[in-house]
Amino acid sequence: MTSHPVTDTEVTTPSGTTPPPRPRGRGKNVRWGIAVLCFGGLAVNYLDRSTLSVALPTMSKDLHIGPETQGFILSAFFVTYAVCQLPAGAMLDKYGVKRVFALSAIWWSVATVGMGLVRGVGSLVGARMLLGAGEAAGYPAAAKAVSRWFPRHERTLANSVWDNGARVGTAIALPLVTMLVSVFHWRVAFIACGLLGFLWIVGWWRLYHEPADHPKLSAEEREYIEAGGALVQETPAEEEDAPKVRWRDLFRYRTVWGMMLGFFCLNYVIYFFITWFPSYLVDERGFDLLSLGFFGTVPGLVAIVGSLLGGYTADRLLRKGWSTTKVRKTCLISGTLCSSVIALAVVVPTASGALALLSLSYASLTFSTASVASLPADVAPTSGHVASLAGIQNFASNVAGVLGPIVTGFLLGVGGGSYLVPLLVSGALSIVGALTYAFVIKRVEPLPIR
């Protein structure tokens with residue numbers, strides 16, 4: 001197999017023919033039910049990982065955990081989460097989305113329940129690291145499922161749907177866990193959130209099927225997704241004499257390194273919003289607890305809109321005949337460049353102005369993430385490499401999740417608590433990410449099998 005240029009007609013159907021009409025009517029949109037299933041999985045995934053952040057102030061008193069130890073416990077998750085992205089992607093390609101995503105959810109749900117049974121710091125760190133390892137399959141599993149179920153010109157919006165599960169799960173965690181802790185106990189909060197995971201597993205196992213054997217998939221819808229370039233079938237294993245790309249060979253491609261560096265830069269900035277953003281509003285802008293609870297949700301809500309807009313825009317451009325390369329680069333470069341306005345938040349005089357710039361930055365990042373999630377399917381040399389590439393890309397992004405909060409904390413310490421340098425660094429990395437997508441990744445097309 002050799003590389004080939006991406007043409008405008010290839011966007012609609014691989015053969016260059018006119019695609020069949022979009023299925024309409026009841027029972028003709030099974031593929032969107034799959035996207036919603038993945039959304040639910042990611043929402044539970046992020047709810048479970050966020051439970052500790054909400055419950056920690058209360059449980060730290062019971063377990064006598066100091067502030068410095070709390071930071072270590074929180075970061076322990078990201079170590080195993082980042083490292084396990086690599087084997088998780090490979091396992092998804094080898095054993096399939098249905099089994100591996102279900103086993104992953106069982107793992108992280110048990111770990112969440114386990115955190116409600118801990119007796120000290122050691123067992124809590126262990127449970128947190130197990131949670132990170134279990135949750136690692138979530139993103140690559142959803143990306144692979146969408147690659148199997150959606151035509152190329154609908155894939156970005158579908159990816160934005162499940163990706164927003166992360167923001168919804170995080171948002172739900174605050175009121176839900178706070179209620180459970182205040183009415184019952186922090187141990188009950190972990191057990192209840194863990195049990196929610198098992199409910200999702202039951203639904204996933206009953207409802208998820210591959211396109212080839214889904215009992216409710218109509219012939220019309222299957223023809224539509226196949227004609228649009230959905231990776232419905234794995235590469236036939238019996239082609240023994242055909243050239244193959246081993247997992248480790250993926251690191252030989254310039255495109256893969258561009259995907260890793262670009263997502264590292266993008267996620268570095270996203271993790272500011274996940275970790276240090278509330279402290280910024282309190283310490284730098286003087287928000288009290290009530291203001292934080294109300295206005296602190298604004299960037300996250302705007303980010304959901306940005307993600308859906310990014311998915312819609314990319315798919316609309318593909319349907320208009322733009323090449324995959326042009327669409328991906330347009331969305332990735334514009335989103336990451338625009339997110340660099342985070343650096344200006346420290347110089348505007350008003351808190352409302354800073355909040356507006358931060359909201360724009362976060363929405364610009366999520367505008368790009370829908371296209372980021374689509375890259376593995378766009379460049380995979382075979383359908384059996386989609387989850388592996390998603391895992392590799394997500395590994396690099398979560399190295400930023402480990403380093404970002406630490407670097408920001410260090411810069412705050414040496415800078416006397418000023419957010420000037422941390423936000424300038426974030427803005428600079430946004431620009432580096434844009435340059436990476438512009439120049440390191442040359443074309444968005446299937447990697448050649450050498």
Side-chain angles (χ1 to χ4, degrees), residues 160 163-164 166-168 170-171 174 262-313 330-372 397 400-401 403-405 407-412 415-438:
S160 72
D163 182 55
N164 274 321
R167 280 162 283 284
V168 172
T170 303
L174 185 58
F263 203 13
F264 174 93
C265 295
L266 191 153
N267 226 33
Y268 182 97
V269 188
I270 284 181
Y271 270 102
F272 171 81
F273 290 96
I274 295 175
T275 56
W276 284 101
F277 171 67
S279 298
Y280 167 79
L281 292 183
V282 172
D283 299 337
E284 194 84 356
R285 295 296 177 176
F287 279 48
D288 57 26
L289 190 60
L290 180 62
S291 298
L292 177 64
F294 182 76
F295 291 105
T297 61
V298 172
L301 294 174
V302 177
I304 292 175
V305 177
S307 176
L308 294 172
L309 180 61
Y312 173 81
T313 301
T330 297
C331 293
L332 291 169
I333 295 168
S334 62
T336 48
L337 270 180
C338 190
S339 70
S340 65
V341 300
I342 190 174
L344 301 177
V346 291
V347 298
V348 296
T350 63
S352 59
L355 191 63
L357 286 171
L358 290 166
S359 298
L360 175 60
S361 177
Y362 199 3
S364 299
L365 292 166
T366 56
F367 180 89
S368 295
T369 55
S371 289
V372 170
S397 74
L403 296 179
V407 171
T408 298
F410 172 77
L411 293 174
L412 287 171
S418 171
Y419 280 84
L420 175 62
V421 176
L423 292 188
L424 286 176
V425 170
S426 294
L429 281 174
S430 291
I431 296 173
V432 172
L435 293 173
T436 300
Y437 287 125

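FYI, side chains are in, hydrogens and waters are out, and symmetry mates aren't considered; it's all heavy atoms of this structure. Numbers here simply count residues along the sequence, with the first being 1.
- C265 contributes atom SG, which lies 8.0 Å from atom OH of Y437 (distance to the nearest 0.5 angstrom).
- Residues L360 and C338 are in side-chain contact: their nearest non-hydrogen atoms beyond the backbone lie under 4.5 Å apart.
- Applying the side-chain contact (heavy atoms from CB on, under 4.5 Å) rule to L403 yields the partners F264, V399; only residues at least two apart in sequence or on another chain are considered.
- The minimum heavy-atom distance linking N164 with A303 is given by the pair OD1-O, 4.4 Å.
- To the nearest 0.5 Å, atom CG of residue L332 and atom CG of residue L337 are 11.0 Å apart.
- Here the options are S307, S160, S334, the test is side-chain contact (heavy atoms from CB on, under 4.5 Å), and the partner is F367; only S334 passes.
- Residues satisfying the side-chain hydrogen bond (donor to acceptor under 3.5 Å, both in side chains) criterion with T436, sequence neighbours excluded, are absent altogether.
- Applying the side-chain contact (heavy atoms from CB on, under 4.5 Å) rule to V407 yields the partners Y268, L411; only residues at least two apart in sequence or on another chain are considered.
- Judged as a side chain to side chain donor-acceptor pair (under 3.5 Å), the pairs with a partner in residues 356-370 (not counting sequence neighbours) are, in order, D163-T369.
- A 4.5 Å side-chain heavy-atom check between F272 and P422 finds every atom pair outside the cut-off.
- Between L266 and Y271 there is no side-chain heavy-atom pair separated by less than 4.5 Å.
- Partners of S397 under the side-chain contact (heavy atoms from CB on, under 4.5 Å) rule, at least two apart in sequence or in another chain, are F263, N267, N394.
- Put simply, the side chain of T336 gets close to the backbone of I333: a donor and an acceptor are under 3.5 Å apart.
- Sequence neighbours left out, the pairs with a member in residues 415-434 that pass side chain to side chain donor-acceptor pair (under 3.5 Å) are S339-S430.
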For a quick test of your reading: what N or O donor-acceptor pairs under 3.5 Å do the side chains of residues 341-354 make, sequence neighbours left out?
| residue | atom | partner | partner atom | Å |
| --- | --- | --- | --- | --- |
| T350 | OG1 | S352 | OG | 3.4 |
| T350 | OG1 | G353 | N | 3.1 |

